[in-house]
Every structure is written in structure tokens, then in C-alpha cells.
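The structure appears right after this line, and notes come after that.
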Protein chains: 2
Amino acid sequence: MKKRVYDDACGTAHALELIGDRWALLVIRELLLGPKRFSDLRTGLPGISANVLTQRLEELEENGIVVRRELPPPASAKVYALTPWGLEAEELVKVVGKWAARSPSHDPSLPLSVSSAVMSMRTMFSAQRAKGISGTIGFRFGREEFLARFDNGKFEIARGDIAKADAQVEGDQQAWAGAVYGGVPLKGLEKSGALKIAGDRRLVERVLTVFPLPAKAEAP
Amino acid sequence: MKKRVYDDACGTAHALELIGDRWALLVIRELLLGPKRFSDLRTGLPGISANVLTQRLEELEENGIVVRRELPPPASAKVYALTPWGLEAEELVKVVGKWAARSPSHDPSLPLSVSSAVMSMRTMFSAQRAKGISGTIGFRFGREEFLARFDNGKFEIARGDIAKADAQVEGDQQAWAGAVYGGVPLKGLEKSGALKIAGDRRLVERVLTVFPLPAKAEAP
DNA sequence: CGGCATCCGGGAAGATACTG
DNA sequence: CAGTATCTTCCCGGATGCCG
């Protein structure tokens with residue numbers, strides 16, 4: 001009859017009732033960069049089964065975090081989007097991710113979704129490191145396109161048109177993550193075909209330095 | 001054989017493998033203000049069963065978030081404490097709690113542990129509102145004592161000796177929360193015996209205004 | 001009494017197949 | 001493509017009992 005509740009007035013406990021179920025926070029992560037369809041969510045969440053995704057979306061909708069929208073004809077597709085309040089969970093996702101990046105057991109070689117790769121840049125961006133860097137870079141990962149704007153210590157990245165950017169990066173988001181976080185040289189990634197770079201190549205090289213990973217926590 | 005994993009390089013996903021299990025984040029919340037014994041954890045987490053708490057503590061220990069310490073004789077008791085990295089999860093707990101406080105479905109009348117009440121002050125403190133307020137207040141909730149120090153827009157609260165504080169508040173942490181967040185008048189709480197206030201009463205009254213709750217998110 | 005181990009029932013998550 | 005239906009597995013919660 002009654003769901004599993006924490007029976008606790010603490011806000012943190014209430015958050016767990018809202019988004020504490022398995023996969024829930026990752027569904028939110030996938031939607032932070034804009035609305036998605038059911039199948040797009042599945043490709044961003046390898047391992048989730050359809051029935052669980054259905055259930056999470058229902059619960060998130062009941063809780064006022066997600067809305068289901070019907071696109072106007074002729075598209076007529078259903079998409080899931082975050083409510084304004086749901087969108088505010090971006091801060092939460094970033095803080096949680098930044099904390100866990102210090103985990104000694106974190107394995108960065110696992111698969112990485114497109115949304116994760118883009119959100120990781122938002123998370124790890126260092127205004128300090130980006131002083132003096134300005135310009136725009138367009139990213140195409142799979143068939144998703146994002147426009148990043150660097151402006152002397154400021155940084156934005158969102159879905160957008162990549163054509164007019166100063167530089168373009170196309171290919172596999174994991175390869176890009178390897179360059180940014182793993183120090184993998186761009187040359188090799190281009191040679192293997194994992195990435196293609198066009199335009200202001202020097203801008204791309206400089207940008208690789210503005211997303212520093214936090215130091216690992218050590219075993220006590 | 002293999003645990004349930006997300007198989008996802010994203011830091012947020014890794015966090016869920018570390019602290020995504022039921023109760024795990026609340027165990028951390030209970031330890032943020034200092035080490036605790038097994039039974040103290042249980043009283044702060046009404047509803048958790050002993051075996052689940054045991055399991056969560058083991059997993060948190062394996063993950064480098066919690067350490068188990070043996071107190072020197074004659075106490076010889078075991079306590080659980082956060083590692084330095086585990087302590088860094090405070091930011092996470094606060095951001096999560098602050099986000100969820102905007103939930104329309106949040107019910108503040110539920111039980112509230114001592115740690116929750118103190119952490120909620122750390123979470124909701126507004127430096128803006130506290131400009132011009134200075135002084136110390138000692139809290140005794142149950143048999144736990146905390147010293148709060150206000151200093152013209154700065155605020156700290158931690159376990160400490162309440163004797164020398166400018167004011168003392170003793171009694172039920174839920175009553176205090178009602179005064180701070182629910183606007184319940186102190187007079188009534190004193191009359192009913194839920195709280196006792198000593199010392200600089202005016203300081204206590206002023207402090208009630210420096211922990212504003214965020215506005216509720218509205219249904220879309 | 002504190003810190004577990006063990007057993008059991010219910011329910012959530014996972015995998016797969018199937019339907020409109 | 002966007003889910004439902006079904007079956008299995010395993011986690012959570014509650015009770016009990018052991019052992020220092």
C-alpha cells in the first residue's frame with residue numbers, strides 16, 4: 001500500500017524520495033540539455049530497461065520535475081522535458097558529479113553519453129584557466145550539435161548551430177573526453193578517425209586545458 | 001555475481017554507485033557533524049533497520065567515505081566517522097536539500113533528527129540577512145550540544161560547549177525548526193515546554209530571520 | 001546493550017518478448 | 001518508435017538470535 005518513504009522532514013531525505021530511485025538522476029542528466037524522446041533517453045542510458053524508464057518518467061512527472069509534451073504535427077512525436085524547477089537540478093547534478101570525480105574507484109574508461117560529455121564540461125570548467133581564451137567551438141557528437149562560447153573566463157555550451165563557430169569538432173564524445181580529461185593528443189584521435197577538427201585548431205588546443213579534473217581523494 | 005552498476009563514466013553515475021543506495025546519503029548526513037555510534041545513527045534515522053545500516057556502513061567504508069574507529073579504553077566503543085573526502089559531501093547534501101526544499105510536496109511536519117535540524121541551518125543560512133548580527137548561541141537538542149557563532153554575515157555551527165554562549169536554546173529540535181522555518185512564536189514554544197531560552201533573548205529572536213526558506217516551485 | 005549474522009516476505013529492478 | 005507484459009533476480013525491510 002504505502003510506498004517506501006523516509007518519514008523525515010529533512011530536505012535531503014525529501015530529495016531522495018523525489019529523485020532517489022535508481023536511474024532517476026541520470027534521466028534528469030540526460031534532459032538537462034533539452035527535451036528528448038523516449039528512445040534517445042534509452043541510448044543515453046545504456047542498461048536501463050524500457051519499463052524502468054517508463055516508470056521513472058511517470059514518477060518524475062508526478063513530482064513536477066518532468067513534463068511530457070506532444071510535438072505539433074507533422075512531427076507528432078512525444079518528448080520529455082524538464083520543468084523550470086527540474087532544470088534547477090543542474091546545480092545538483094554538477095556538485096554530485098564533481099564530488100564523485102575525486103573517487104579513487106572512478107573508472108573514466110566506461111561508456112560516456114553525449115549529454116554526460118557536455119555536462120562534464122559545464123561541471124569541470126575553470127574560469128581561472130580560461131582567462132584570455134575567447135571564441136566559439138561547435139561540437140557534433142553523433143547527430144547532436146552543441147555550440148560552446150568562450151569569453152575570457154566565461155563559458156556557455158548548449159544545443160546550437162555549429163556552422164558559424166570559429167572551430168568545429170566532430171566525432172566521438174568519448175574521444176573528446178579522452179583529449180580533455182585524459183591528455184590524449186588530438187593528432188592521434190584525428191588519425192584514428194575518432195575526431196575531426198576544422199577551423200581554428202589552436203583555439204581547440206587551448207580549450208583542452210580549461211577543464212581540470214579534481215585531485216583524487218586518498219585512502220585514509 | 002556482479003553488482004548492479006550503471007556502466008557509465010559520468011561522475012554523476014559514479015556517485016550513484018557510491019552513495020545511491022537507499023539511506024546512504026542520510027547516513028552521511030548524520031555523520032557530517034561528527035562521529036557517531038551505531039545506535040546514535042539509528043535514532044537519527046528512524047525507520048532504518050539494523051542490517052541495512054550495517055550494510056550501508058560497510059559499503060561506505062569500502063568506498064573510502066566512512067571509517068570505523070575504536071575509541072581508546074575505557075570507552076572502547078566503536079564509532080563511525082567520515083573521511084576527509086566523505087566530509088566534502090557536505091556541499092552535496094546541502095545543494096540537494098536546498099533544491100528539494102522547493103518541492104511542492106515537501107512536508108515539514110515530519111520528524112526531524114538533530115543532525116538534520118543543525119544541517120538545515122547550515123544549508124539555509126543567508127549571509128545577506130545576517131548582516132549586523134553578531135554573537136554566539138548554544139543549542140542543546142536532546143543530549144547533543146552545538147555552538148553557533150554569528151559574526152556580521154558569517155555563520156558557523158558545530159559541536160561545542162554551550163555554557164559560555166551569549167544565549168542558550170534547549171529543548172526539541174523540531175520546535176526550533178518550527179520557529180525558524182514555520183514562524184511559530186517562541187513564546188508559545190516556551191510555554192508548552194518545547195524550548196527553553198536563556199541569556200540574550202533578543203539575539204535569538206533576530207537569528208530566527210536569517211534562515212529563509214526558498215520559494216516553492218509551482219506546478220507547470 | 002552494541003554490533004552484527006541469518007532467514008523470510010514483498011516489491012523494485014533487470015531482461016526479454018510482444019503490441020499498437 | 002514508444003511503450004506494455006511477463007518472468008526472474010535481488011534488494012530492502014522486519015524479526016529473530018548470537019556473541020562479545
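Note on naming: letters A, B, ... go to the chains in the order of the sequence lines (proteins, then strands), and numbering restarts at 1 for each one. Just so it is clear, the values below take in all heavy atoms, side chains as well, and ignore hydrogens, waters and symmetry mates. None of these values were measured; they are calculated from a predicted model.
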* Between Asp172(A) and Arg140(A), is there a side-chain N and carboxylate O pair less than 4.0 Å apart? -> no

* Asked: Looking only at side-chain N and O atoms, does Tyr6(B) come under 4.0 Å of OP1 or OP2 in dA13(C)?
  -> no

* Ile48(A) CD1 to dA2(D) P: how many Å, rounded? -> 15 Å

* **Between P of dG13(D) and CG of Asp7(A), the distance in whole Å** => 13 Å

* To do: Please confirm whether Phe125(A) and Phe155(A) have ring centers closer than 6.0 angstrom.
  => yes

* Is any side-chain nitrogen or oxygen of Tyr80(B) closer than 4.0 Å to OP1 or OP2 of dG2(C)? -> no

* Check whether any side-chain N or O of Trp23(B) sits under 4.0 Å from OP1 or OP2 of dG13(D), and answer yes or no. => yes

* Structure fact -> Leu16(A) atom CG is separated from dA12(C) atom C1', nearest whole Å, by 16 Å

* To do: May I ask you to verify if any side-chain N or O of Ser39(B) is less than 4.0 angstrom from the OP1 or OP2 atom of dG2(C)?
  => yes

* Asked: What's the closest nucleotide to the Ser49(A) side chain, out of dG3(C), dG13(D), dG14(C)?
  -> dG14(C)

* Asked: Taking for each residue the nucleotide of DNA chain C bearing the nearest heavy atom, is the 5' side occupied by Gly47(A) or by Arg42(B)?
  -> Arg42(B)

* Asked: Considering only dC12(D), dA13(C), dG13(D), which nucleotide approaches the side chain of Asn51(B) most closely?
  -> dG13(D)

* To do: Please determine if a side-chain N or O atom of Gln55(A) lies less than 4.0 Å away from the OP1 or OP2 oxygen of dA13(C).
  => yes

* To do: For Glu58(B), report the nucleic acid contact type (base, sugar-phosphate, nothing); a contact means any heavy atom under 4.0 Å.
  => sugar-phosphate

* OP1, OP2 of dC1(D) versus side-chain N and O of Arg37(A): anything below 4.0 Å? -> no

* Structure fact -> Tightest non-hydrogen contact, residues Thr136(B) and Ala165(B), listed as OG1-CA, 3.3 Å

* **Spacing between Arg4(A) atom CZ and dA13(C) atom C1', to the nearest angstrom** => 10 Å

* Parallel, tilted or perpendicular: which describes the rings of Phe38(B) and Tyr80(B), with under 30° parallel and over 60° perpendicular? -> tilted

* To do: Would you mind reading off the distance between Leu53(A) atom CG and dA5(D) atom C1', rounded to a whole angstrom?
  => 16 Å

* To the nearest Å, give me how far apart CG (Leu57(B)) and P (dG2(C)) are. => 15 Å

* So does Arg68(B) get a side-chain nitrogen or oxygen closer than 4.0 Å to the phosphate oxygens (OP1/OP2) of dC4(C)? -> yes

* Nearest-Å distance, CZ (Arg56(B)) to P (dC11(D))? -> 10 Å

* Asked: In terms of side-chain geometry, is the basic nitrogen of Glu90(B) or Arg122(B) positioned less than 4.0 Å from the acidic oxygen of its partner?
  -> yes

* Asked: Rounded to whole angstroms, how far apart are CZ on Arg69(B) and P on dG3(C)?
  -> 15 Å

